[in-house]
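What follows is a short report on a single structure.
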Amino acid sequence: MPELPEVESARAAIERAGLGRKIADVDDSDTYECRPHSPGEIREALVGRRLVSAHRQGKFLWCETSGIGRSRTAGPELAIHLGMSGRLVITGPDGPGGRPGTPTQGGDYLGTADPEGVLDPRNPAWNRFTLTFADGGELRLFDKRRLGRVRLDPDRSALGPDAQAITLEQFRHRLGRGSSPVKARLLDQSVVAGVGNLLADETLWQAGIAPQRPADELDDDELAALRRALRKATRAAIAHGGVHTGTFIPHRTRAGHCPRCGAEVQRATVGSRTTYWCPKEQH
DNA sequence: ACTCGTGTTAGCTG
DNA sequence: TCAGCTAACACGAG
């Protein structure tokens with residue numbers, strides 16, 4: 001279930017296994033995830049091109065594409081947002097014939113085990129978008145809940161600096177403004193890109209700051225501590241393969257206890273999202 | 001059986 | 001302009 005770390009691993013997988021392969025066909029018939037493009041529009045734009053680079057800003061992922069044939073004119077950017085339930089599946093040149101869950105030559109199935117075989121490309125149920133490469137392999141967006149998005153030439157102008165790359169000065173100016181709860185600021189992708197609900201709770205817990213504090217009441221030291229905690233939590237989550245590996249996240253349950261002081265964690269809605277925090281350590 | 005939710009966005013209201 | 005809420009998406013978990 002994607003937060004920033006899963007998006008980064010998807011980006012790295014495209015870089016490792018998806019670049020340079022010629023696009024022979026595109027299934028963009030899901031009018032919801034490919035909206036506002038009409039069916040066939042993305043296929044028309046991409047057939048004959050290759051993905052040449054993969055980028056990420058927060059939870060937003062996009063690829064640059066090549067010209068067609070010897071043309072040096074670059075193609076459109078292809079953006080893929082995983083939403084809340086999307087996963088990328090990249091298969092190797094031996095394509096759909098590979099056994100489900102088994103890495104195929106030259107590519108791999110992303111994510112972990114697939115005992116039910118739902119990632120098998122022959123199971124069409126939740127495949128929302130597919131690039132078929134000339135070598136027979138595929139890059140697919142697999143998304144049960146249909147919250148993902150695919151689009152050409154995305155507008156990134158409203159996206160804030162990436163959570164890992166944001167400078168202290170940027171962070172102070174963007175985050176420490178407004179009367180909203182500081183957690184709402186953290187979750188606002190136009191303020192800082194990449195923080196989801198779980199990562200926000202982990203970060204606030206690490207920094208010892210209560211989620212409902214008005215953002216403009218935080219002093220410089222608290223904002224610095226918050227940024228430090230954000231970068232640390234993000235880095236750790238990427239290194240360990242997901243935000244679930246955080247210290248506080250496993251204790252985000254009813255009757256959960258703070259892993260440091262043992263106090264019972266509080267639960268409330270902050271910034272329209274379910275929020276857990278330690279009332280003893282977060283102020 | 002029923003409620004809730006790791007994300008985003010459009011649209012509305014104050 | 002800012003801030004906050006709701007619906008939509010569609011399924012799994014508890």
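Letters go in sequence order (proteins before strands), and every chain restarts at 1. Hydrogens, waters and symmetry mates play no part in the numbers below; they use all other heavy atoms, side chains included.
- If you measure from atom CG of L175(A) to atom C1' of dC2(C), you get 16 Å, rounded to the nearest angstrom.
- Of the two residues contacting DNA chain C, namely R128(A) and R254(A), the nearest-nucleotide position lying further toward the 5' end is that of R128(A).
- Separating the CD1 atom of I249(A) from the P atom of dT6(B) is a distance of 10 Å, rounded to the nearest angstrom.
- Proximity of R35(A) to R151(A): side-chain heavy atoms (C-beta onward) are nowhere separated by under 4.5 Å.
- Side chain of Q212(A) to main chain of V270(A): no donor-acceptor pair is present (N/O by atom type, distance under 3.5 Å, no hydrogens or angles).
- Counting non-hydrogen atoms under 4.0 angstrom, P5(A) reaches nothing in the nucleic acid.
- dC5(C) is paired with dG11(B) under the criterion used here, namely a Watson-Crick or G-U wobble arrangement in which both key atom distances are under 3.5 Å.
- Look at CD on E33(A): it is 12 Å from P on dC11(C), rounded to the nearest Å.
- Of the C1' atoms belonging to dA1(B) and dA8(C), the separation is 23 Å, rounded to the nearest Å.
- Using a 4.5 Å cut-off on side-chain heavy atoms (C-beta onward), F133(A) and I23(A) make contact.
- dC4(B) and dC5(C) have their P atoms separated by 16 Å, given to the nearest Å.
- For the pair Q212(A) CD and dG4(C) P, the interatomic distance rounds to 13 Å; values are reported in whole Å.
- In terms of phosphate contacts, S272(A) brings a side-chain nitrogen or oxygen within less than 4.0 Å of OP1 or OP2 of dC5(C).
- Taking the six-membered ring for Trp and thresholds of 30 and 60 degrees, F60(A) and H81(A) have ring planes more than 60 degrees apart, a perpendicular arrangement.
- For L141(A) and dA10(C), the CG to P distance is 14 Å, given to the nearest whole Å.
- Among the protein residues, G271(A) comes within range of no part of the nucleic acid, since none of its heavy atoms lies under 4.0 Å from any strand.
- One interatomic measurement links the two molecules: CG of D143(A) to P of dT6(B), which rounds to 17 Å at whole-angstrom precision.
- For dG4(C), the OP1/OP2 oxygens have a side-chain nitrogen or oxygen of S180(A) closer than 4.0 Å.
- Counting non-hydrogen atoms under 4.0 angstrom, R252(A) reaches the backbone sugars and phosphates but no base.
- Summarising the geometry, the separation between CZ on R87(A) and P on dG12(C) is reported as 13 Å, rounded to the nearest angstrom.
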Return the polar atom pairs (N/O with N/O) between nucleotides 7-14 of chain B and the protein under 3.5 Å, or none.
| from | atom 1 | to | atom 2 | distance (Å) |
| --- | --- | --- | --- | --- |
| dG7(B) | OP1 | K59(A) | NZ | 3.3 |
| dG7(B) | OP1 | N197(A) | N | 3.3 |
| dG7(B) | OP2 | N197(A) | N | 3.2 |
| dG7(B) | OP2 | R273(A) | NH1 | 3.0 |
| dG7(B) | OP2 | R273(A) | NH2 | 2.9 |
| dT8(B) | OP1 | H81(A) | NE2 | 3.2 |
| dT8(B) | OP2 | K59(A) | NZ | 2.9 |

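- Atom NE2 of H283(A) sits in a crowded spot, with more than 12 heavy atoms from other residues, nucleotides or ligands closer than 6.0 Å.
- Here the rule is side-chain hydrogen bond (donor to acceptor under 3.5 Å, both in side chains) with H55(A), and of E64(A), R156(A), E15(A) only E64(A) fits it.
- One side chain, R267(A) or Y276(A), offers a donor N or O that lies under 3.5 Å from an acceptor on the other.
- Nucleotides dT6(C) and dT3(B) have their P atoms positioned 16 Å apart, rounded to a whole Å.
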